[in-house]
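Below: the structure, in structure tokens.
Chain identifiers are assigned alphabetically (A, B, ...) following the order of the sequence lines, protein sequences preceding nucleic acid strands; residue numbering begins at 1 within each chain.
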Amino acid sequence: MNIGACLTQPRNCDSARCHSLETHIRAHSPMNLFELFQNRIAACVSDLGQSVDLPKGVDTGRITVEPPRDPSHGDLATNAAMVLAKDASMPPRVFAEKLVPRLQALEGVSSVEIAGPGFINLRLDSSLFHGVLRSILTDREAYGRSTKGKRKKVNVEFVSANPTGPMHVGHGRGAVFGDALASLLDFAGYDVTREYYINDAGAQVDILARSAFLRYREALGENIGAIPEGLYPGDYLVPVGEALSKQYGSSLLKQSEKEWLPIVRQAAIDAMMDRIREDLAALAINHDVFFSERSLSEGGNRDEIAALIDELKSRDLVFQGRLPPPKGAPVEDWEDREQTLFCATQYGDDVDRPLLKSDGTYTYFAADIAYHRSKYLRGFKTMIDVWGADHGGYIKRMTAAVKAATDGLGDLDVKICQLVRLLRNGEQVRMSKRSGDFITLREVVDEVGRDAVRFMILYRKNDATLDFDLGKVIEQSKDNPVFYVQYAHARCASVARQAQTSINPGSDEFKHADLKRLTDESERGVMHRLAQYPRLIESAALAHEPHRIAFYLHEVASDFHALWNRGKDHPDLRFVIENDRDLSIARLALVDSVRIVLASGLSVLGVSAPDEMR
RNA sequence: GACUCCAUAGCUCAGCUGGAUAGAGCAGCCGCCUUCUAAGCGGCAGGUCGGAGGUUCGAAUCCUCCUGGGGUCGCCA
């Protein structure tokens with residue numbers, strides 16, 4: 001690509017047709033001011049390379065363009081000179097001086113200055129930010145949507161709670177996080193599949209079946225007494241037992257466990273999964289795929305796990321060997337024996353991992369490898385798993401296994417959600433596991449609402465522990481970020497309602513608003529903030545960090561509340577100025593833009609954007 | 001013992017994959033309601049980014065070693 005020839009024009013743009021930058025912005029929406037300038041600055045650097053002694057093919061990828069922390073530094077700052085100084089073998093500031101004239105020649109740049117160790121600060125024409133506003137008002141809910149993902153298939157596996165009981169708040173965190181991450185990736189242009197891995201094989205679900213069978217006998221009138229140690233005591237299995245008694249009468253009693261267990265097990269799993277799906281639906285979470293672990297070895301005419309192990313064997317990644325005894329707390333029934341191991345150490349794990357139990361059945365790990373290989377075979381090169389904190393020690397072996405099972409072509413990113421501490425007005429809410437009557441996720445959602453649960457979970461990094469206070473999250477005050485952000489949206493809507501009774505803007509009037517009338521510093525500040533939204537979406541999606549959206553929304557809300565209040569101190573800054581229709585329209589267009597971005601971000605997080613909150 | 005996550009204002013936390021003088025919110029102090037929702041806003045004060053080295057133009061951020069906490073540690077899922 002001949003970048004130099006298109007120096008003052010945006011890249012990939014026919015210069016004859018693209019005569020103004022604002023036109024360009026509107027023609028290439030969704031637009032990202034920062035990306036645009038990153039490309040243009042990179043082009044300037046490449047062009048400079050023809051006259052200055054720059055190595056061929058210099059890496060311009062490290063150039064960043066970001067808003068300076070201090071607004072007095074300008075609108076955009078780039079580190080181009082500092083990053084490339086070494087390649088150019090000259091001090092950053094000297095390189096910067098050579099670059100400045102070219103940057104100054106860029107359309108829309110009003111001034112350029114070198115600062116500090118070699119930052120280049122750009123001041124932009126207001127028209128650029130007006131262009132941003134127009135693209136918001138035109139694209140509406142599509143503003144910020146990115147094509148960066150190039151429709152690449154991404155599999156987000158989350159929740160995957162064992163179908164042995166109701167979900168607790170910890171599951172809820174993974175559920176909300178995974179769902180928001182999936183939405184974020186979708187918004188950033190990926191082809192996302194939400195997936196749930198049902199652990200319906202192994203010992204746990206057999207225990208579930210025995211527990212349910214007990215409830216079945218109870219439903220038939222038997223006095224079962226206390227639930228024996230080792231079985232699930234929760235009364236959520238009572239309805240399962242009753243359903244079984246209705247369907248089968250007493251006929252199961254005559255069968256051996258070998259006969260009734262598969263029947264009861266499947267019924268119990270189905271009942272648990274129905275309930276889990278309901279609980280997820282209460283949080284507006286819907287998976288695209290529910291993948292059964294059991295189906296890997298029993299489902300069709302082929303044992304996927306055996307196939308996987310065979311394949312790994314053929315590539316010399318499986319061997320018979322012995323493992324050193326586990327460190328830490330001693331394991332009572334440890335016996336040194338030769339077993340079937342996957343060479344996880346070849347892929348960065350600390351020890352090799354067993355694929356078969358001593359009874360000859362597959363380990364959970366073996367099934368999990370086959371499962372991840374299945375994802376890969378279904379076209380997902382990028383996989384994201386969302387796990388609870390207690391599975392942190394499992395990451396190395398799974399990423400190792402994915403590398404091995406996909407021959408290095410698949411990529412797994414495991415996101416760990418740390419523990420949730422449930423509080424009520426500062427007092428910790430104890431969850432007694434023994435009795436089985438712990439506080440379920442559903443109870444929490446029913447008490448404080450979906451929005452509060454979702455936003456508070458997302459208002460924290462996934463790998464930091466979360467204090468969730470049932471009292472605080474429903475407070476209607478600025479201390480509660482859920483309310484604070486939603487209220488900003490409601491306020492925008494309220495302003496629009498009020499305006500209908502005064503200047504009553506036409507349906508298409510905002511798009512043609514005279515945005516040059518927005519001259520106040522706070523108005524300019526809001527425009528800058530809104531301009532960052534597309535960039536934020538892309539970086540949050542790339543980092544797999546939806547919490548950045550929540551914090552950004554809090555900042556937008558803060559900007560807006562401040563703007564709103566300025567109208568109190570300065571009546572000339574009120575949104576609606578009775579005798580100045582053009583100014584009012586411009587300001588209402590800004591308010592509408594704020595509302596659109598708030599609604600968009602909240603939508604990505606799966607939180608509602610109410611028009612009023614009385 | 002090994003691996004892993006964390007340590008930032010009195011408290012709860014951000015810090016945009018290495019950028020400029022480290023930021024919010026609570027709590028504290030001082031202000032702002034005849035006004036588009038005061039359910040809000042402005043200001044002041046508050047810091048050896050756990051400690052010590054290292055990498056480079058530049059480190060809260062990356063590497064090593066300490067200190068203090070959470071989690072995990074064949075055949076559970």
Side-chain angles (χ1 to χ4, degrees), chain A residues 62 64 66-70 73 77 79 82-83 85-86 91-93 115-119 121 160-162 164 199 201-205 293 322-329 331 333-337 339 341 349-361 363-365 367-368 388-396 416 418-419 459-461 463-465 467 475-481 483-484 487-488 490-491 494-499 501-502 532 535-536 539-540 542-543 545 547-548 551-552 554-555 558 561-569 571 574-576 591 612-614:
Chain A
R62 289 171 60 215
T64 62
E66 46 188 35
R69 200 164 35 219
D70 185 345
H73 289 150
N79 62 356
M82 293 183 290
V83 171
K86 190 169 262 179
R93 292 189 67 109
F119 283 103
N121 294 327
S160 300
N162 288 346
T164 52
N199 301 137
Q204 300 287 336
V205 284
E293 176 186 355
R322 292 172 188 278
L323 286 178
K327 303 286 191 328
V331 180
D333 57 348
W334 155 262
E335 59 166 324
D336 186 23
R337 68 175 178 93
Q339 50 187 338
L341 299 168
D349 199 358
D350 307 308
V351 286
D352 297 320
R353 305 290 178 176
L355 297 172
L356 297 178
K357 303 181 198 170
S358 54
D359 65 1
T361 59
T363 58
Y364 180 80
F365 181 52
D368 216 357
D390 53 338
H391 288 64
Y394 198 73
I395 296 178
K396 276 192 182 180
I416 291 293
Q418 278 296 338
L419 300 174
Y459 198 61
R460 183 108 321 169
K461 276 188 303 199
D463 50 11
T465 56
D467 287 352
E475 246 174 48
Q476 299 215 333
S477 78
K478 64 172 178 165
D479 305 348
N480 177 5
F483 173 78
Y484 187 80
Y487 178 49
R491 228 176 195 180
S494 168
V495 169
R497 279 195 301 273
Q498 290 290 331
T501 64
S502 48
Q532 288 180 46
R535 173 177 180 270
L536 175 89
S539 63
L542 189 69
E545 289 183 353
H547 76 272
R548 294 190 197 180
F551 281 94
Y552 171 79
H554 195 267
E555 288 170 349
S558 176
H561 287 310
L563 195 62
W564 193 93
N565 268 84
R566 291 207 70 180
K568 293 204 168 297
D569 300 334
R574 291 166 64 88
F575 299 128
V576 173
V591 172
E612 56 181 343
M613 299 192 74
R614 287 185 187 282

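- By the side-chain contact (heavy atoms from CB on, under 4.5 Å) test, A:Phe551 is found to be paired with A:Tyr459, A:His547, residues two or more places apart in sequence or in another chain being considered.
- Secondary-structure stems of RNA chain B, taken as three or more successive Watson-Crick or G-U wobble pairs (i with j, i+1 with j-1) under a 3.5 Å distance threshold, comprise B:1-5 with B:69-73, B:10-13 with B:23-26, B:28-32 with B:40-44, B:50-54 with B:62-66.
- Nucleotides B:C6 and B:U12 are separated by 15 Å at their C1' atoms, to the nearest Å.
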Name the pairs: protein N/O against N/O of nucleotides 29-32 of chain B, kept only if under 3.5 Å.
none

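- Rounded to whole Å, the distance from CG on A:Asp390 to C1' on B:C76 is 11 Å.
- Residue side chain A:Phe575 meets the stacking definition with respect to B:C36: its ring centre sits within less than 5.5 angstrom of the base's six-membered ring centre, and the planes differ by less than 30 degrees.
- A:Thr363 has no side-chain polar atom (N or O) that falls below the 4.0 Å cut-off from OP1 or OP2 of B:C75.
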Protein N or O to nucleotides 46-49 of chain B N or O, pairs below 3.5 Å:
none

Give me the distances for all protein-to-nucleotides 55-58 of chain B N/O pairs that come in under 3.5 Å?
none

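- Taking atom CZ of residue A:Arg491 and atom P of nucleotide B:C36, one finds them 11 Å apart after rounding to whole Å.
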Is there any protein nitrogen or oxygen under 3.5 Å from a nitrogen or oxygen in nucleotides 43-45 of chain B, and what are the pairs?
none

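- Residues meeting the side-chain contact (heavy atoms from CB on, under 4.5 Å) test with A:Asp467, sequence neighbours left out: A:Arg421, A:Leu423.
- Atom P of B:C33 sits at a distance of 39 Å from the matching atom of B:U21, rounded to the whole Å.
- Remark: the A:Arg535 side chain and the B:C16 base include a donor-acceptor N/O pair separated by less than 3.5 Å.
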Atom pairs, protein N/O to nucleotides 3-12 of chain B N/O, distance under 3.5 Å:
{"residue": "B:C3", "atom": "O3'", "partner": "A:Lys396", "partner atom": "NZ", "Å": "2.9"}

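- Residues passing the side chain to side chain donor-acceptor pair (under 3.5 Å) test with A:Gln418, sequence neighbours excluded: none.
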What does the list of N/O pairs under 3.5 Å between the protein and nucleotides 21-27 of chain B look like, with a distance for each?
{"residue": "B:C26", "atom": "OP1", "partner": "A:Lys478", "partner atom": "NZ", "Å": "2.6"}

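- Rounded to the nearest Å, the gap between the C1' atom of B:A24 and that of B:G15 is 10 Å.
- Listed by chain and number, the residues in a salt bridge (charged side-chain N to carboxylate O under 4.0 Å, His left out) with A:Arg491 amount to none (sequence neighbours excluded).
- Every residue two or more places apart in sequence or in another chain that forms a side chain to side chain donor-acceptor pair (under 3.5 Å) with A:Thr361 is listed here: A:Asp359.
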Exercise. Please test A:Asp463 against A:Ile416 for side chain to side chain contact (heavy atoms under 4.5 Å, CB included), starting from the C-alpha separation and ending with a verdict.
Key: CA-CA 6 Å; A:Asp463 50 11; A:Ile416 291 293; 5.5 Å; no
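- Checked against B:G74, B:A77, B:C16, the side chain of A:Ser539 finds its nearest nucleotide in B:C16.
- Distance from the side chain of A:Tyr484 is smallest to B:C41 among B:C13, B:C41, B:C16.
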